[in-house]
Amino acid sequence: MSTSTGTDTPATTAEQTAAALRTAIRASDPQLSKFNPLSRILAHDDFNTGTHGWTELIGNYNGRGDLDTVDDHMRDFRPPQLSSCTFFDTGTHGAMSGTYALKLATRPYPGHTATAIRRLTMSGKGLLQIEAYFTYKAEATLGGTEQEDSFGDITWDGNLHPSEAQFGCFTVATDLCSDQGLRYHTTARYLNTDLEHRMRNQWVYAGVPEPTPREHLEGKVKLGYAADFTAPNPEDWHPFGEPQQLCFNEVPTKVNWHYLRWVVDTEARANVELQVNDRTYDMRQIPVPPYEDRYDSLENLLNFYFSVRTHSAVRNFLYLDSVLISAGW
Amino acid sequence: MRQSQTAVLERNTVLSGEFVTEPIEVAWAGQARWFVQVLGGAAAEHLEVTTQISPDGLTWCDLETDTVHSTEGSLLSWPVTAFGGWLRLRGRTAASGVKVRIYLSLKE
């Protein structure tokens, strides 16, 4: 191998050999070769072996453990489930790797959100990446009348299925804090439908920080059950890139796995890029608004979460076959 | 080492009249144990629950080996096995309601 200048030095040759060896080792591992990690793998989660620390998010509560003090919009994010992707028509579909995937499932209540959060801390600064193989579904409907053949924009035509319009959105996001309490979020949401169930297929980001329990306690904000906890005002969600059609695959019981790779820079407190299948979106110009106030007890916070939100009275599901978190430090 | 998971299916929820919990997928688990914690309510003694199972998470029937459990104190617990791929609770209480937390403890 040679460098772009054609002048090898022992150091660059050694680095190139190490990089090639690392690539070769990863390529020979069926579980890792489907990922493209940064230099340090922090977590590789395959849900055939448990939930791997992906747990339900909940708002904060008082010193007496009284869960009635949890904010209404953050008290019912539902437990992630180990799912065999089993459906009424064909039985067990299974995951991309093995039988099980992690499933986030909403209630059948418009606006309800289910979450899974992974809690880590940062031992350095620089590029931070999450990769995942995912799919998304609305719960199948059994029975009813011909009215059930249409929903939102979609009427069943033997190909398109109203179930696709019953899926609201899913989100991948961070909760990060460094430099003596400077806290910020980065977000990427696939807005499948808007709140009127019209197909949007649009990636969007939140232009405001997430409301916090402290802000509620200070009287700054009070949100109701099923409010959008990431950014409650729909006008605070802004599009980036062109619309992207994913492979819902027509009916609610066919599962096709998609690749997602999302990079942020914790040194610059900035977005970098989002890749979903064959599309890569440059996110460097997307703003990352920090909280005005400093936060104690969160130094080097490194949280990732996935969420799914239904816009209809139909349960929405986000399935994760596997997740890999890596860092450049 | 065996995999395990405890899921909180209802958290400080006031249940009243006839109810069912949200479903949960449990095909991976060989054993399960319900914990129903009564947090308050004048009609706590009238809370009754039993296990339901499903082939697909959509259509449900009672688990034939389970019985109807009534509250006799603040914490009610019982094990279930041979439940297939899905679990939920069906129950009823007085219209005035009972506040509960419902845990499902699962293990391979």
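So that the names make sense, note that chain A is the first sequence line, chain B the second, and so on, each numbered from 1.
Both the backbone and the side chain of A/L67 come within less than 4.5 Å of a heavy atom in chain B. Neither the backbone nor the side chain of A/A105 comes within contact range of chain B; no heavy atoms are under 4.5 Å apart.
Every residue was checked against the side chain to side chain donor-acceptor pair (under 3.5 Å) condition with B/T81, not counting sequence neighbours, and none meets it.
Here the CG-CD1 distance, from A/L57 to A/I117, works out to 5.0 Å after rounding to the nearest 0.5 Å. To the nearest 0.5 angstrom, B/L47 atom CG is 7.5 Å from B/L76 atom CG. Here the CD1-CD1 distance, from A/I325 to A/I130, works out to 4.5 Å after rounding to the nearest 0.5 Å. To the nearest 0.5 Å, atoms CG (B/L106) and CG (A/L82) are separated by 9.0 Å. Atoms CG and CZ, from B/D66 and B/F83 in turn, are 12.0 Å apart once rounded to the nearest 0.5 Å.
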Could you work out all donor-acceptor pairs shorter than 3.5 Å where one atom is in chain B and the other in chain A?
from, atom 1, to, atom 2, distance (Å)
B/Q5, NE2, A/P80, O, 2.7
B/L9, O, A/R78, NH1, 3.0
B/L9, O, A/R78, NH2, 3.0
B/E10, OE1, A/R107, NH2, 3.0
B/E10, OE2, A/R107, NH2, 3.4
B/R11, NH1, A/E56, OE2, 3.0
B/R11, NH1, A/R75, O, 2.8
B/R11, NH2, A/E56, OE1, 3.0
B/R11, NH2, A/E56, OE2, 3.1
B/N12, ND2, A/D68, OD1, 2.9
B/E22, OE1, A/R315, NE, 2.8
B/E22, OE1, A/R315, NH2, 3.4
B/E22, OE2, A/R315, NH2, 3.0
B/E25, N, A/Q81, OE1, 2.8
B/E25, OE1, A/S83, OG, 3.1
B/E25, OE1, A/S84, N, 3.3
B/E25, OE2, A/S83, OG, 2.7
B/E25, OE2, A/K103, NZ, 2.9
B/W28, N, A/Y100, OH, 3.3
B/K99, NZ, A/D68, OD2, 2.5

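When each of B/L58, B/L104, B/V26 is scored by its heavy-atom pairs under 4.5 Å with chain A, the top score falls to B/L58.
Proximity of the aromatic rings of A/F170 and A/F134 is defined here by a centroid distance below 6.0 angstrom, and this criterion is met.
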